[in-house]
4 protein chains.
Amino acid sequence: MSTATQQDKYNAILQAAIEIISEKGLHSTSISDIVKRAGVAQGTFYLYFRSKNALIPAIAQNLISITMDKIKENTQQHADFWEFLTTYIHQIYSITDEYKDVIVLCYSGLAIDHSMEIWESIYQPYYQWFQDELKQAIAQGEVISGTNVQWTSKMIINLVENAAERFYIGRDQDMTKEQSMTEVFHFLKRSMTNS
Amino acid sequence: MSTATQQDKYNAILQAAIEIISEKGLHSTSISDIVKRAGVAQGTFYLYFRSKNALIPAIAQNLISITMDKIKENTQQHADFWEFLTTYIHQIYSITDEYKDVIVLCYSGLAIDHSMEIWESIYQPYYQWFQDELKQAIAQGEVISGTNVQWTSKMIINLVENAAERFYIGRDQDMTKEQSMTEVFHFLKRSMTNS
Amino acid sequence: MSTATQQDKYNAILQAAIEIISEKGLHSTSISDIVKRAGVAQGTFYLYFRSKNALIPAIAQNLISITMDKIKENTQQHADFWEFLTTYIHQIYSITDEYKDVIVLCYSGLAIDHSMEIWESIYQPYYQWFQDELKQAIAQGEVISGTNVQWTSKMIINLVENAAERFYIGRDQDMTKEQSMTEVFHFLKRSMTNS
Amino acid sequence: MSTATQQDKYNAILQAAIEIISEKGLHSTSISDIVKRAGVAQGTFYLYFRSKNALIPAIAQNLISITMDKIKENTQQHADFWEFLTTYIHQIYSITDEYKDVIVLCYSGLAIDHSMEIWESIYQPYYQWFQDELKQAIAQGEVISGTNVQWTSKMIINLVENAAERFYIGRDQDMTKEQSMTEVFHFLKRSMTNS
DNA sequence: CATGAATGAGTGTTCATTCAT
DNA sequence: TATGAATGAACACTCATTCAT
């Protein structure tokens, strides 16, 4: 029962691309490199991706999917919003550490392609999910009312990601990971509660 | 006595590079394009830049210099930290709008040569300057004491830049520029004061 | 009983090929383009043609068939050879106008496979037919005796085709179509009669 | 004294191209083949020709130049128009024999490029030269007056070339070369004189 | 007969970089 | 310093052809 479906080939190419581009960068990675590792023929690449650049949005999408899956899985049970936020921060730091190369390639790749706006559209369901959590927290009285849920969600997500990226990618490690995460947590909590 | 000094040629090449790369992206811009617009010979490029990639840090450096000049100039006079912060936010939004293409090209250059650390070093004096302002605010009692000046400065700078980039580059324009800036301001102020 | 016979598919592919190659040229036309327009699968092409190059002789054959059908149909009734020749010239000009793209593609196929001899063999029945007309004219005393029928037939056919091609393909339109045809006619008639 | 001028490289590339494309055809000849034989680098080709297709008009131009040089040189001295025409026909047969491959590649190449009209423009000075000879012959009373000099010149040139091409390229050699040339001569003479 | 996914060899073209002047 | 002709390595992408179903 040979079951090499189309989905398999798509994934093989995508994973190979992620691995190699993460290592060598987009510019230095050739299609030839990718297909060799994916175990398919040169032409097969173009059955699944319109061009080399078309890889980037696919990689970004993939990253976000993984991120959401991991976070959702780990934040399912939480006593209150602050426990949720703590777990969320931990997860983001952990994911950033694991996928730092992919994150960098998404930033640079989407910029190369002049398609930075795509980030926003890919993030949409992620933003949405966070908004729901935040709304609930407001309803519970854990977060001050009057908060602009939409804007604040994006702000928090970006702030946490930025802190993690500065720590793991920018190698700005004056403090420990724990200290960094604590600063993030308190900075956010102060802003969202009446002390 | 019109004498084309070395500095002139360096700047001519750098400016030409910024213009063309902003338009067409790094990948699609050739040295040939750049020298043509700069009005120098092909080989002259290599008298001033070691390689094509060496342009990116120079462009980034240039952007930071312009940013710091503009901001310093406009924030010289301020009654208190919050007036300073307001002006700062305005300036960042304005600069982001004007230089969005250059910012994008800096992102796209991120991954080249794994130059992420260079990025942080270029930001260093910028961070330093902000830290000084923040220290002063704490000394004045405008900002809660106990704040980690170093971490918080970076956080603020990144948060403001991110909000502006989401607005102008990610084209996330659900709210007006003014509303967006106001949200940023209050989010930060809440976090840095005892209500 | 609508049954797509083999002949149908052969013709569908051939017609599609003629259309697209006429538009885009042989080199820029892919088998993929052809089968898409013909409404058959990629592999089906190879059930009817050995290769892409095998299309050219088939297209040429097709053009000659059409030409002969049209000319025969229109020259059936003629008082004498000169009326016949006049009609013939008209028909060639008209066909050249209608099929100029196909003619060009036949030229472009000339060099492929050094297939020049194939060309002559395709023309054979055409030459033969014209020879019969010419023989008859000589028998009738309309054309001077002593004429080399074989050589002269080819000469005339080529001369008329060339004049038409210069007019429609070379766009050498200093004179009107009518003037051009009249020159051809008189040039030939002078040569074939004692004044 | 190394004197490799630009003209030299242009010619080296052009000659190499003519040789190889004549042998293998345009499609089967790669730029790599050409530059290797020309003894220049890959990139150098593009300093002299915009593209592979740009070779064809250059080759055609070259062929016409050679043709005119040879013919002019050999027809300088002639007692009358008919001696001139005889020599002309001989020359065309001889040139066609020598350059048959180049002729084929010009036909097919220009057709591939959809630039058949270029033929006409390249032929212009050739036509002009023949017209002058023909005018003189009419002035001398050797050729019937009332002849359309422009049209007839083109006709004669094409007729002679066609006969030669049928003989050497189409390999239509039922008769000897001499017979073929004699037929051409008499066919033309009959048409241009009152018998 | 028909299909269309898969193949992988093949190539025109670009362009960063060098170097003799 | 400055030039710009020359280099040649590198690569994305195409497409004729095959073959398992």
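Here is the naming used below: chain letters follow the sequence lines, and residue numbers restart at 1 for every chain.
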Self-check item: Upstream residue (5' side of DNA chain F) when D/L47 and C/S51 are each assigned their closest nucleotide
Solution: D/L47
Quiz item: To the nearest Å, how far apart are D/I34 CD1 and E/dG10 P?
Solution: 18 Å
Quiz item: Between E/dG12 atom P and D/I20 atom CD1, what is the distance in whole Å?
Solution: 12 Å
Quiz item: Heavy-atom distance under 4.5 Å between the side chains of A/V40 and A/F45, does that happen here?
Solution: no
Quiz prompt | Enclosure of C/K36 NZ (heavy-atom neighbours >12, cutoff 6.0 Å) | solution = no
Self-check item: Pair of N/O donor and acceptor under 3.5 Å linking E/dT7 base with A/Q42 side chain
Solution: no
Practice problem: Could you say whether A/A41 or B/R50 is positioned toward the 5' end of DNA chain E, judged by the nucleotide with the nearest heavy atom to each? | Solution: A/A41
Quiz item: Quick one: side chain to side chain contact (heavy atoms under 4.5 Å, CB included) partners of D/Q7, sequence neighbours excluded?
Solution: D/T5, D/Y10, D/N11
Practice problem: Please examine the side chains of B/T29 and B/E23, heavy atoms only from C-beta on, and report whether any two atoms are closer than 4.5 Å. | Solution: no
Quiz prompt | A/D113 and A/I56: CA distance, side-chain angles, deciding distance, side-chain contact (heavy atoms from CB on, under 4.5 Å) verdict | solution = CA-CA 9 Å; A/D113 215 28; A/I56 302 297; 5.7 Å; no
Practice problem: Provide, to the nearest angstrom, the distance between the CG atom belonging to D/N53 and the P atom belonging to E/dT13. | Solution: 7 Å
Quiz item: Relative to the 5' end of DNA chain F, which residue comes earlier, A/S32 or C/F45, by the nucleotide with the nearest heavy atom?
Solution: A/S32
Quiz item: For the pair made of CD1 in D/I31 and C1' in F/dA10, what is the distance, rounded to whole Å?
Solution: 16 Å
Quiz prompt | D/T44 side-chain proximity, nearest of E/dT7, E/dT13, F/dA6 | solution = F/dA6
Quiz item: Using a cut-off of 4.0 Å on non-hydrogen atoms, how would the nucleic acid contact of C/Y48 be classed: base, sugar-phosphate, or nothing?
Solution: sugar-phosphate
Quiz item: Under 4.0 Å: is that the gap between some side-chain N or O of C/Y46 and OP1 or OP2 of E/dT3?
Solution: no
Practice problem: Measure the distance from CG on A/D33 to C1' on E/dG8 and round it to the nearest whole Å. | Solution: 16 Å
Quiz item: In whole angstrom, what separates D/F49's CZ from F/dA6's P?
Solution: 13 Å
Quiz item: Has C/K9 got a side-chain N or O lying under 4.0 Å from the OP1 or OP2 atom of E/dA2?
Solution: yes
Practice problem: Assign D/S28 to base, sugar-phosphate, or nothing according to its heavy-atom contacts below 4.0 angstrom with the strands shown. | Solution: nothing
Quiz item: Rounded to the nearest Å, what distance is computed from the NE2 atom of residue D/H27 to the C1' atom of nucleotide E/dG12?
Solution: 12 Å
Practice problem: State whether the number of non-hydrogen atoms from other residues, nucleotides or ligands found under 6.0 Å of A/H114 atom NE2 is greater than 12. | Solution: yes
Exercise. Tell me which of C/V40 and B/K52 sits closer to the 5' end of DNA chain E, going by the nucleotide each one is nearest to.
Key: C/V40
Exercise. Using modelled atom types only, decide if a donor and an acceptor are shared between the side chain of C/K24 and the backbone of C/S30 within a distance under 3.5 Å.
Key: no
Quiz item: Can you check the A/K36 NZ to E/dA9 P distance for me, whole Å?
Solution: 11 Å
Quiz item: When the C1' atoms of the five terminal pairs at each end define the local axes, what inter-axis angle does the helix from E/dA2-F/dT21 to E/dT21-F/dA2 show, to 10 degrees?
Solution: 0°
Practice problem: Return no unless some side-chain N or O of D/S30 is found under 4.0 Å from OP1 or OP2 of E/dT11. | Solution: no
Quiz item: Do A/R171 and B/E120 meet the salt-bridge criterion of a basic N to acidic O distance under 4.0 Å?
Solution: no
